[in-house]
Amino acid sequence: MAISLNGQWLLTCVQRSSISDIPVSLPGDVHSALLSAGIICDPYWAINEAKVQWVSQCDWVVYRSFELTADELACNAMDLVLDNLDTVAEIRINGHTVADFSNMFLRHKVDILPCLLVGVNRIEIVLHRADLAAQSRAEKLPFPVPWAEGNNQIPHMNTIRKTQCHAGWDWGICLSVMGVYGDIELQPIQHVRISHVSTRQKWQEWRCEVEVTVHYEAVANSGLASVSVTFDDQTYHLTLDRTAKQATVLFRIDHPKRWWPAGYGKQRLYELEVIADGHQIHKKIGLRKLELCTDDDDIGQSMVFKVNDVPISAKGANWIPMDALPSRMNNQRYRQLLEDAVAANMNMLRVWGGGMYEKDIFYQLCDELGLLVWQDLMFACALYPATPDFIAEVQEEVQWQVRRLKDHPSLALWCGDNEVIGAIGWYPESRQNREKYVVNYERLNRALAEVVNIEDPARRFWASSPCNGELDFGDAWHDDRRGDMHYWDVWHSGKDLDAYRKVKPRFCSEFGFQSWPSLPSVRTFVPEKDWNITSPSFESHQKNSRGNSIITEMFTRYFRFPIGFANMLYLSQVQQALAIKTASEFWRAHKPVNRGILYWQLNDCWPVSSWSSLEYSGRWKQLHYHVRRFFAPQLAAFVPNDKGIDLHLINDSRKSAELKGEVVWQSWQGEILYREPVNTYLEPDENVVTWQWLAEDLERHEADGFFHVHLTSGQEVIENTYLPLRPKQCELVEPDLRYEVAEIHGQLFVMLSCSKPAFFVHLEYAGDGRFDNSSFTLVPEHQKQVKYLGPATYDELVAGLTIYHLYQSYQA
Ligand code: BMA
């Protein structure tokens, strides 16, 4: 049985003798230990980031002792196994150096039996400065390889295999953390070392064959090892052949219950257990077919994931590491974030290449919840070396990661990197010598593809995100005919929101719009005296140099300027929601041309102004409430075009749906100027136009009011609003909005009504929890009963509730 070395260790600073023997809990990081010990201030508060930079400019030693009995040492090998060791480290056992490591994405394994003693042993991990290691590697490169300048605050991070955003990003604090973030274990080995267990599915019409292979290595001088393999309720026992490296057994599952992405069916998982030489490996296997289809068509090339032969409209967001302080990553927060993704009707997340290959729990939860995973390999926004050493190192890394993750049914795609093809065009060296850097790119990318193709031939390797296709080094930021697209013309290039309606991406894997955090979140990192957009504290939590200017400048284009700090925060979230909604609805209305919408970004790794829809605290921004509506399986979307406005009804589900209700043209005073019933039956995967309003009619009346659709489908209410003019041009009136908190059968609700229409009505509770709906249009004929989901009592909710709406945001 494995012996865990997780738990309490001690920490000493090599350069500052006054800092020694500080308790550190591993898995965990150095900064968190120093914070707990009161040695550093909270790096997330105000302008403290700058005050803690010295930590990563020191070397640190973490150490502990542990006892072993003679019985425990009676084995043929004792592997020390470390996961997520960050990054440049030397391991010493009882004073002997047993290994030097420098890749945080590898599982490190070293046999330390010869150094171990019966009784007390000491393990020390020396964590060296990453910045110096990066610098010295850069100096040895045959030619300069540009690093992620603009995002990273520390140069040459592209030369070491460490989470790239640790050195800062355009939403990320720069801490350059160090530590061990995965389990630390001793694994005694009698006969065989199990390297991994892999599965393969072969599909026939009503049967799935599951091939399970145990990969192992016999240890010198040992005897025979037996292994048992159980799938579902069938078990095989075998004796491993000492001269071989793998053993395979085959299971036949007739009429399997298939695994589906969320919104398409259930997530049935079968249990697989392998027991060998005292080791137990447990996996949950989903049986499903999955392919990425990229077929030539009239436009260019499709890009669609098919699961069990059904084309999927991928809907989701980009995932970044959950916390800049790895000690704070925990299973409960993983669950919360991923459940919130599913609650917003997502079925895919992209694990972005500047972060980390996620922890096992992430993929286990994605399997359980039906979230497909677009998995980038960990390279982002810089160029990377293609020297033999670097290639060998990353091939080993990718081999390990593919072996670790490939059996997850949620895993949909391996993608070589984030924006590295594009980055060839960003830096002066590579711009001036493009061929050289393209060849350099292709050498590394090819080497990654080779490993993926050997280890996981059933899955597609996609060179880069974005990418126009095989060996295509074109501009995937602007070509919407094929491949995946990163569409940043609105945020980074300052175009109007209408620009989202000028492209029809086949699969948009990034597009985003920033907002500021909500007032309750701002309270947690900005002192009240600094509650101002341009205060140093607030600005140091905005890492995109033009970010705050873009947000305020866009206010002036679309909205009447908000009054006061709280309304500025509120309006920034309205604006973000409007941007992402505009794009998502337009692209969904172009199904099947479009088959993927992943916005930038789901989450935050510290409290910051960013593109996220979930704040660092987990609080839903207004965008997340909109996502829940515009990613719903059934959507009613108003789509303006040359002829006028179309109302699309879209059904992504495998089941048909019946939508009933009406579309109205309503004045700002709430008068119904026009109404038309809607009664539509939608086939599975259908997208139809049910109603149109002609441009001539619109031009004459565009200032008079807005369109609102209200439909029901079973228990579901489907609503949407369309303002023909920019909100600042609309003559909104005081809606006379009333609300009341009510407790019904122990459940808290907020009842809302109004006498005139109110827009972007948003409920904000100062404490924990969220609502089942927010940031909606409230019209006099449909009062709303909004459920509060959280721990607050009636009195707390009443005291801590603020209701915002658009008209009030500019009233003095
Ligand atoms: C993208 C990402 C990130 C970045 C984001 C916002 O292209 O890949 O590098 O944080 O843009 O600028």
Side-chain angles (χ1 to χ4, degrees), residues 146-154 157-158 163-174 316-322 324 349-356 374-384 413 415-427 462-468 475-479 483-495 500 503 505 507-516 541-551 554 572 576 579-580 583 596-606 608-614 616 621 623:
W147 51 281
E149 244 174 294
N151 282 317
N152 282 173
Q153 293 177 37
I154 300 171
M157 294 301 293
N158 55 343
T163 291
Q164 300 286 280
C165 66
H166 281 174
W169 212 261
D170 60 2
W171 37 258
I173 185 171
C174 171
N318 284 267
W319 169 276
I320 63 163
M322 125 184 328
L349 293 176
R350 170 169 172 248
V351 178
W352 168 75
M356 62 193 233
W374 171 308
Q375 178 69 49
D376 283 1
L377 304 183
M378 292 299 127
F379 304 87
C381 296
L383 304 188
Y384 286 85
L413 181 77
C415 170
D417 59 65
N418 172 72
E419 299 190 346
V420 178
I421 291 180
I424 300 170
W426 299 349
Y427 303 103
W462 188 252
S464 180
S465 182
C467 176
N468 287 334
D475 178 2
W477 274 259
H478 295 102
D479 189 341
D484 69 320
M485 188 173 196
H486 288 190
Y487 189 70
W488 283 102
D489 278 21
V490 175
W491 176 265
H492 284 301
S493 310
K495 289 189 179 165
Y500 287 126
V503 289
F507 196 110
C508 194
S509 43
E510 272 190 26
F511 64 107
F513 203 97
Q514 273 205 1
S515 65
W516 291 312
H541 290 249
Q542 166 60 275
K543 297 298 186 186
N544 183 203
S545 54
R546 292 174 48 248
N548 289 349
S549 313
I550 297 175
I551 295 173
M554 283 299 251
S572 78
Q576 175 192 33
I580 304 309
I597 304 173
L598 307 178
Y599 65 84
W600 184 267
Q601 69 202 70
L602 181 72
N603 55 321
D604 280 331
C605 64
W606 71 306
V608 66
S609 304
S610 85
W611 298 266
S612 73
S613 61
L614 296 173
Y616 173 66
K621 285 183 178 172
L623 170 58

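Keep in mind that the numbers below use all heavy atoms, side chains included, and drop hydrogens, waters and symmetry copies. When a ligand or atom number is given, it counts from 1 through the structure's own listing order.
Between the side chains of Asp417 and Ser464, a donor-acceptor pair is found at a separation under 3.5 Å. Side chains of Asn603 and Ser612: no donor on one and acceptor on the other come within 3.5 Å. Using modelled atom types, one finds a donor on one side chain and an acceptor on the other under 3.5 Å when comparing Gln542 with Gln514. Residues Asp484 and Trp462 bring a donor and an acceptor atom of their side chains to less than 3.5 Å of each other.
Of the heavy atoms in Trp491, none comes closer than 4.0 Å to ligand 1.
The shortest contact between atom 11 (O) of ligand 1 and any protein heavy atom is with Trp488 CZ2, 3.4 Å. Among all non-hydrogen protein atoms, the one lying nearest atom 12 (O) of ligand 1 is Asp170 OD2, 2.5 Å. Counting only heavy atoms of the protein, atom 7 (O) of ligand 1 lies nearest to Glu419 OE2, 2.3 Å.
Phe513 is not listed as a side-chain neighbour of Trp600, based on a closest heavy-atom distance of 4.5 Å or more. Between Trp516 and Asn548, some side-chain heavy-atom pair lies under the 4.5 Å cut-off.
The shortest N or O to N or O distance between Asn151 and ligand 1 is not below 3.5 Å.
Using a 4.0 Å cutoff on heavy atoms, Trp611 counts as a contact of ligand 1. A heavy-atom separation below 4.0 Å is not found between Gly354 and ligand 1. The closest approach between a heavy atom of Gln601 and any atom of ligand 1 is not below 4.0 Å.
Look at Asp170 and Lys543 and you find no salt bridge, because none of the NZ, NE, NH1 or NH2 atoms lies under 4.0 Å from a carboxylate O.
Near Cys381, with a cut-off below 4.0 Å to any heavy atom, the atoms of ligand 1 are 9 (O). Distances below 4.0 Å separate heavy atoms of Glu510 from the following atoms of ligand 1: 1 (C), 2 (C), 7 (O), 8 (O), 11 (O). Annotation for ligand 1: atoms under 4.0 Å from non-hydrogen atoms of Trp169 are 3 (C), 4 (C), 9 (O), 10 (O).
Ile320 and Trp352 get closest at one heavy-atom pair: CG2-CE3, 4.0 Å.
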